[in-house]
Amino acid sequence: MAATEAVTESEHLKSLIISTASALWEDKEALGKFLDVVRRSETFAPLADSMAQSEVRPAKPTFYGVKSTEFQS
C-alpha cells in the first residue's frame, strides 16, 4: 500500500509542477525561480530542465500521462 501512496503522491506533485509552470509561463523570472526550486529534487529535476528549455507553454498534466487532476483548472 505504501508504494501505491508514493506513486499517487508523485503524480500529485508532478501535476502541481506542470500546472504551476503553465500558470507562470508569461512571467519568465518567476518561472525560472520556481523551476530552480523544483530542480532541488532529484526526482523532478529532469522535468524542470525540460520545461526550462521548452519554447511553448506546458500542456495540461494529463498530456504527459499524469493521472492526478487535483491541481488542474
Practice item. Determine which pairs satisfy side-chain hydrogen bond (donor to acceptor under 3.5 Å, both in side chains) with at least one residue from residues 38-48, sequence neighbours left out, and list them in order. Key: D36-R39, R39-D49
Check your understanding: Roughly how far apart are K33 NZ and L35 CG, rounded to 0.5 Å?
Key -> 13.0 Å
Revision key, fill the gap. Hits for side-chain contact (heavy atoms from CB on, under 4.5 Å) against A30, two or more places apart or cross-chain, chain-then-number order -> L24, D27
Check your understanding: Are the side chain of T20 and the backbone N or O of L16 linked by a donor-acceptor pair below 3.5 Å?
Key -> yes
Review point. To the nearest 0.5 Å, how far apart are NZ in K60 and OG in S19?
Key: 7.0 Å
Review point. What's the shortest heavy-atom distance between A59 and I18, and which atoms?
Key: O-CG2, 3.3 Å
**Study point:** Separation between CE of M51 and CH2 of W25, rounded to the nearest 0.5 Å
**Key:** 8.5 Å
Practice item. Could you pull out all residues at least two apart from S50 that satisfy side-chain contact (heavy atoms from CB on, under 4.5 Å)? Key: L47
Point to revise | Pairs touching residues 16-25 that satisfy salt bridge (Lys or Arg N to Asp or Glu O under 4.0 Å), sequence neighbours left out | key: none
Check your understanding: Considering all heavy atoms of both residues, which atom of I17 and which atom of F34 are nearest to each other, and what is their separation?
Key -> O-CE2, 3.7 Å
